[in-house]
Amino acid sequence: LGWPLPDGLDDAQLEAMLYAKARPSSKRPEPDWRSVERELQHRGMTRRQVWLEYREVHPDGYNYSWFREQLRNRSGSAEPSMRQNHKAGEAMFVDYAGMTLPNTNPDTGQIHESQVFVGALGRKLSTPEDRS
């Protein structure tokens with residue numbers, strides 16, 4: 001928009017101009033989604049790494065937030081979750097992170113591969129009966 005505004009411009013037209021939906025430029029190349037899905041199956045591959053590889057080939061390509069949104073829309077499912085009822089502090093949930101990390105001994109410089117586990121204490125889900 002420029003100033004002054006064009007004569008005869010009513011509020012509805014002005015609002016339409018100000019709040020127009022941004023549309024991706026058709027000049028930007030879309031990722032090859034089949035290739036993206038294949039890459040994400042490889043151990044250690046992340047969505048961000050796949051996007052970085054896409055941007056190396058297409059520097060003027062889409063940004064990361066658009067990429068994540070499109071990937072989420074293509075999967076068609078929500079993030080998996082599981083609810084369990086238990087007493088607070090009664091349970092601890094542990095999972096293997098899947099990859100090893102190099103751990104360097106500062107005295108000797110020797111490198112050991114470390115297994116990584118993630119643990120979280122569970123918490124009780126509150127119910128209306130608990131609050132009374």
Side-chain angles (χ1 to χ4, degrees):
L1 294 176
W3 190 258
L5 294 174
D7 290 333
L9 188 66
D10 65 15
D11 288 345
Q13 292 170 325
L14 177 60
E15 187 172 340
M17 292 171 75
L18 287 172
Y19 300 107
K21 288 253 184 206
R23 292 189 182 106
S25 169
S26 60
K27 294 178 185 175
R28 291 183 188 178
E30 276 202 39
D32 175 7
W33 295 111
R34 285 185 183 175
S35 174
V36 167
E37 289 168 6
R38 269 194 312 275
E39 287 294 317
L40 287 172
Q41 298 302 314
H42 292 116
R43 184 176 182 188
M45 184 57 74
T46 64
R47 290 179 297 221
R48 182 156 179 82
Q49 184 62 39
V50 173
W51 173 76
L52 287 171
E53 291 175 3
Y54 157 72
R55 286 300 294 259
E56 281 179 13
V57 175
H58 305 289
D60 58 341
Y62 291 104
N63 61 23
Y64 185 54
S65 60
W66 179 90
F67 182 85
R68 280 191 343 248
E69 182 179 339
Q70 296 303 311
L71 202 54
R72 185 174 40 249
N73 291 343
R74 290 179 166 283
S75 70
S77 63
E79 292 291 322
S81 65
M82 179 174 62
R83 297 187 188 271
Q84 296 179 350
N85 291 321
H86 56 271
K87 291 181 182 174
E90 179 181 76
M92 181 170 153
F93 301 95
V94 179
D95 194 12
Y96 175 61
M99 302 281 293
T100 58
L101 293 175
N103 184 6
T104 305
N105 183 328
D107 297 329
T108 65
Q110 188 175 10
I111 299 173
H112 298 278
E113 293 294 319
S114 301
Q115 304 293 326
V116 178
F117 291 83
V118 178
L121 285 176
R123 67 177 180 89
K124 183 176 181 182
L125 299 173
S126 64
T127 62
E129 296 83 36
D130 294 335
R131 291 183 221 140
S132 57

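Residues: numbered from 1 along the sequence shown. The figures that follow rest on heavy atoms only: side chains count, while hydrogens, waters and symmetry mates do not.
- Using a 4.5 Å cut-off between side-chain heavy atoms of Ile, Leu, Val, Met, Phe, Trp and Tyr, with links allowed through other members, L9 and L18 fall into the same hydrophobic cluster.
- In this structure, R55 and Y64 have side chains that are not in contact, with every pair of non-hydrogen atoms separated by 4.5 Å or more.
- Rounding to the nearest 0.5 Å gives a distance of 11.0 Å between CG of L5 and CD of Q13.
- With rounding to the nearest 0.5 Å, the separation of CD in E30 from CD in Q70 is 6.5 Å.
- Here the closest heavy-atom approach between residue V50 and residue E39 is recorded as CG2-CB, 3.9 Å.
- Side-chain atoms of W33 do not come within 3.5 Å of backbone N or O of L71 as any donor-acceptor pair.
- Annotation: side chain of E56 is not in contact with side chain of W51 (no heavy-atom distance under 4.5 Å).
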Counting only pairs under 3.5 Å, give me each side-chain donor-acceptor contact of residues 93-109, with atom names and distances, residues two or more places apart or in other chains.
from	atom 1	to	atom 2	distance (Å)
Y96	OH	Q115	OE1	2.7
T100	OG1	E113	OE1	2.8
N105	OD1	D107	N	2.8
N105	OD1	T108	N	3.4
T108	OG1	Q110	N	3.2

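- A tilted orientation is assigned to the rings of H58 and Y54, their planes being inclined by 30° to 60°.
- Within the 4.5 Å cutoff, side-chain heavy atoms of M45 are placed close to those of E53.
- Note that the CZ atom of R74 and the CD atom of E69 stand 12.0 Å from one another [nearest 0.5 Å].
- Hydrophobic side-chain contacts under 4.5 Å tie V57 to no other Ile, Leu, Val, Met, Phe, Trp or Tyr residue.
- Of all heavy-atom pairs spanning R28 and D60, the tightest one is CG-O, 3.6 Å.
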